[in-house]
Peer 1: 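The following block contains the structure, expressed as structure tokens.
By convention in this document, chain letters (A, B, ...) are assigned in the order of the sequence lines, proteins followed by strands, and residues within each chain are numbered from 1. Everything numeric in this text was worked out from a predicted model, so none of it was measured. Basis for what follows: all heavy atoms, side chains included, without hydrogens, waters or symmetry-related copies.
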Protein chains: 2
Amino acid sequence: MGKYERVFEDLSAKIDDGTYPVGSLLPSEKKLTETYGVSRETARKALALLTDRGYIQKIMGKGSVVINHSQYALPVSNIVSYKEFSANTGTGSRSDVFALEETNLPTAPFKDLAPDLEPLPAIHVGRVRYLDGEPAIVDNTYVLSSVVPNIPREAAEDSLYEYFENGLGLHIAYSSKQIKVEPATARDRELMKLAKGEYVAVTVSITSLEDTTTFEYTESRHRADKFIYQDFARRR
Amino acid sequence: MGKYERVFEDLSAKIDDGTYPVGSLLPSEKKLTETYGVSRETARKALALLTDRGYIQKIMGKGSVVINHSQYALPVSNIVSYKEFSANTGTGSRSDVFALEETNLPTAPFKDLAPDLEPLPAIHVGRVRYLDGEPAIVDNTYVLSSVVPNIPREAAEDSLYEYFENGLGLHIAYSSKQIKVEPATARDRELMKLAKGEYVAVTVSITSLEDTTTFEYTESRHRADKFIYQDFARRR
DNA sequence: TAGTGGTCTAGACCACTAC
DNA sequence: TAGTGGTCTAGACCACTAT
């Protein structure tokens, strides 16, 4: 871990634990170079990370002000997996795997994000996710067989991301995603015990590795009343 | 505009116009310092911007690969105003202002994002937005009177952001937002001509200035079938 | 081995804010 | 005026990738 990451970790921890409360100023860049024994550009890199994550807002001639940043987010938000999300929020996590099979990638759900998608060989993982003990999310994930030839059932039941990153050593880099609202299908109603006429929030994402290989396609169908997406953005 | 911004503008333009197609490599950092007559750190700042915006993925020992980045986004996505959005996508823009009045900020819609919100004096702007000639969005914006004492009707009909930034010289910095799904209210059905039992996508946002003053609160209610939110994110 | 990006430094000059 | 952040430089050393 580089020096600037250490400085970032220390400052973000001190913001989280209230050492630097919302509205207060962080030490000046000059002070940070002395405190942490780093050059100014290195201190500035740490501050840039804090800015990007919504911890601070820098004000010219004044300093770095601690601001309210989003505390938690749904899995869809920043490529955070369902398991990481439940661990963060403390909601009980449970997944029923209802499909784990070799198939071809369906192109229809991903048409908007990838118009020229080919029906490549893939492994389909279908899961029902529970929030507070109730079925709340139906996930259909397609992983390209060319990148991941096999998925053990335990990985599907636990966490696919954990398996990809720690088990296979894949480096996940970025993702394009969409959120839409659709009427619940008969399958949605069956799996999530919904009444007729209800709607679901649908998130579609396409995820790539650090070498720019696209390898994973997911459609998540959320019970509308359990769905919240939260984000922090900067004007550009 | 700094040098690194000029380099960013030039490179992003060349990615957009196909000079550097998706999958190709940008010139190396060394080459960029020679081409643009800047130091390496300055060239790297430009590349960092391209990375943040989803234009490129850097690969160690190899170079900067051009990737597919999200082309357009709904207003909610990156603090882009409705007018900027319609201008980018070419969909006809039109707004009916149905409310422009002094009132107190309602705290209920913003409870999740700002639990301790006070009912401060504010100007309420209520608008119906049209996409493809049909009423598709109901916006309720509340602007704190302490920051914006008055909003001319023309500004409400045209673009509030344009008025805030160019008319008043406010510097918009960041925003927290949420997306939820709710049953359409009687008011939604009336304004957007929806049938009974339909749902709406609701986005709630709280926007702050560069001096960290929070000044604007918006609830946008979207016709579900016209709503798409698109985003690009990096794993962290 | 040569070329690439990742990190870090010490110093400089500038623009802005507070007093 | 003093202190703050914003930008830029020239150089260094390292880790990784290609060949």
Side-chain angles (χ1 to χ4, degrees), chain A residues 1-11 15 20 23-53 55-67 169-171 173-174 209-213 234-236, chain B residues 1-11 15 20 23-52 55-67 169-171 173-174 208-213 234-236:
Chain A
M1 193 164 62
K3 286 191 186 182
Y4 74 93
E5 288 166 296
R6 265 189 266 276
V7 177
F8 165 77
E9 294 294 346
D10 193 64
L11 290 175
I15 290 172
Y20 300 121
S24 71
L25 283 172
L26 252 43
S28 73
E29 295 182 353
K30 188 168 181 299
K31 202 75 182 290
L32 292 176
T33 66
E34 294 160 5
T35 305
Y36 293 99
V38 298
S39 73
R40 185 163 163 229
E41 287 291 3
T42 300
R44 282 175 59 75
K45 265 196 186 173
L47 294 177
L49 266 187
L50 290 169
T51 304
D52 181 56
R53 304 287 210 275
Y55 280 95
I56 61 170
Q57 171 71 19
K58 301 187 87 175
I59 303 181
M60 266 262 261
K62 197 168 173 195
S64 301
V65 184
V66 178
I67 61 178
L170 298 181
H171 296 282
Y174 58 90
L209 303 174
E210 281 181 355
D211 67 2
T212 75
T213 312
R234 289 187 175 276
R235 176 87 164 146
R236 30 205 209 196
Chain B
M1 196 161 66
K3 287 191 185 180
Y4 75 94
E5 288 167 295
R6 265 188 268 274
V7 177
F8 165 78
E9 295 293 346
D10 193 63
L11 290 175
I15 290 172
Y20 300 120
S24 70
L25 285 171
L26 252 44
S28 72
E29 296 182 353
K30 187 170 182 301
K31 203 76 183 290
L32 292 176
T33 65
E34 295 159 4
T35 306
Y36 293 100
V38 298
S39 74
R40 184 158 164 235
E41 287 291 2
T42 300
R44 282 176 58 75
K45 265 195 185 173
L47 294 176
L49 267 186
L50 290 168
T51 304
D52 181 56
Y55 279 97
I56 61 170
Q57 171 71 20
K58 301 187 85 174
I59 302 182
M60 268 262 261
K62 198 168 172 194
S64 302
V65 184
V66 178
I67 62 178
L170 298 180
H171 297 284
Y174 58 91
S208 304
L209 304 175
E210 281 181 357
D211 67 3
T212 75
T213 310
R234 287 184 177 278
R235 175 86 165 147
R236 31 205 205 198

Peer 1: List in chain and number order the residues that pass side-chain hydrogen bond (donor to acceptor under 3.5 Å, both in side chains) with B:K58, two or more places apart in sequence or in another chain; answer none if no residue qualifies.
Peer 2: B:E29
Peer 1: Just jot down the salt bridge (charged side-chain N to carboxylate O under 4.0 Å, His left out) partners of A:K3, sequence neighbours excluded, or say none.
Peer 2: none
Peer 1: First and last nucleotide of DNA chain C touching chain A, 5' to 3', heavy-atom cut-off 4.0 Å?
Peer 2: C:dT7 to C:dA18
Peer 1: With a non-hydrogen cut-off below 4.0 angstrom, is A:L47 in contact with a base, only sugar-phosphate, or nothing?
Peer 2: nothing
Peer 1: Show the numbers, then the answer: is there a side-chain contact (heavy atoms from CB on, under 4.5 Å) between B:I56 and B:I67?
Peer 2: CA-CA 5 Å; B:I56 61 170; B:I67 62 178; 5.7 Å; no
Peer 1: Enter the distance from B:T51:OG1 to B:R44:CZ here, rounded to the nearest 0.5 Å.
Peer 2: 9.0 Å
Peer 1: Enter the distance from A:Q57:CD to B:L209:CG here, rounded to the nearest 0.5 Å.
Peer 2: 9.5 Å
Peer 1: Can you pull out the residues from residues 23-34 of chain B that lie within a 4.0 Å heavy-atom distance of DNA chain D?
Peer 2: none
Peer 1: Can you tell me how far CG of B:L32 sits from CG of B:L26, rounded to the nearest 0.5 angstrom?
Peer 2: 6.5 Å
Peer 1: Which sits closer to the 5' end of DNA chain C, B:R44 or A:G61, going by the nucleotide each is nearest to?
Peer 2: B:R44
Peer 1: Where is the tightest heavy-atom contact between A:I59 and B:D211, given as atom of each residue plus distance?
Peer 2: CD1-CA, 3.7 Å
Peer 1: Quick one: list whatever passes side-chain hydrogen bond (donor to acceptor under 3.5 Å, both in side chains) with B:S39, sequence neighbours left out.
Peer 2: B:T42
Peer 1: What is the minimum heavy-atom distance between A:Y20 and A:L11, and which atoms define it?
Peer 2: CE1-CD2, 4.0 Å
Peer 1: Given that both pair distances must be under 3.5 Å and the pair must be Watson-Crick or G-U, what runs of three or more consecutive pairs involve DNA chain C?
Peer 2: C:1-18 with D:1-18
Peer 1: Working to the nearest 0.5 angstrom, can you tell me the gap between A:K30 NZ and A:T35 OG1?
Peer 2: 10.5 Å
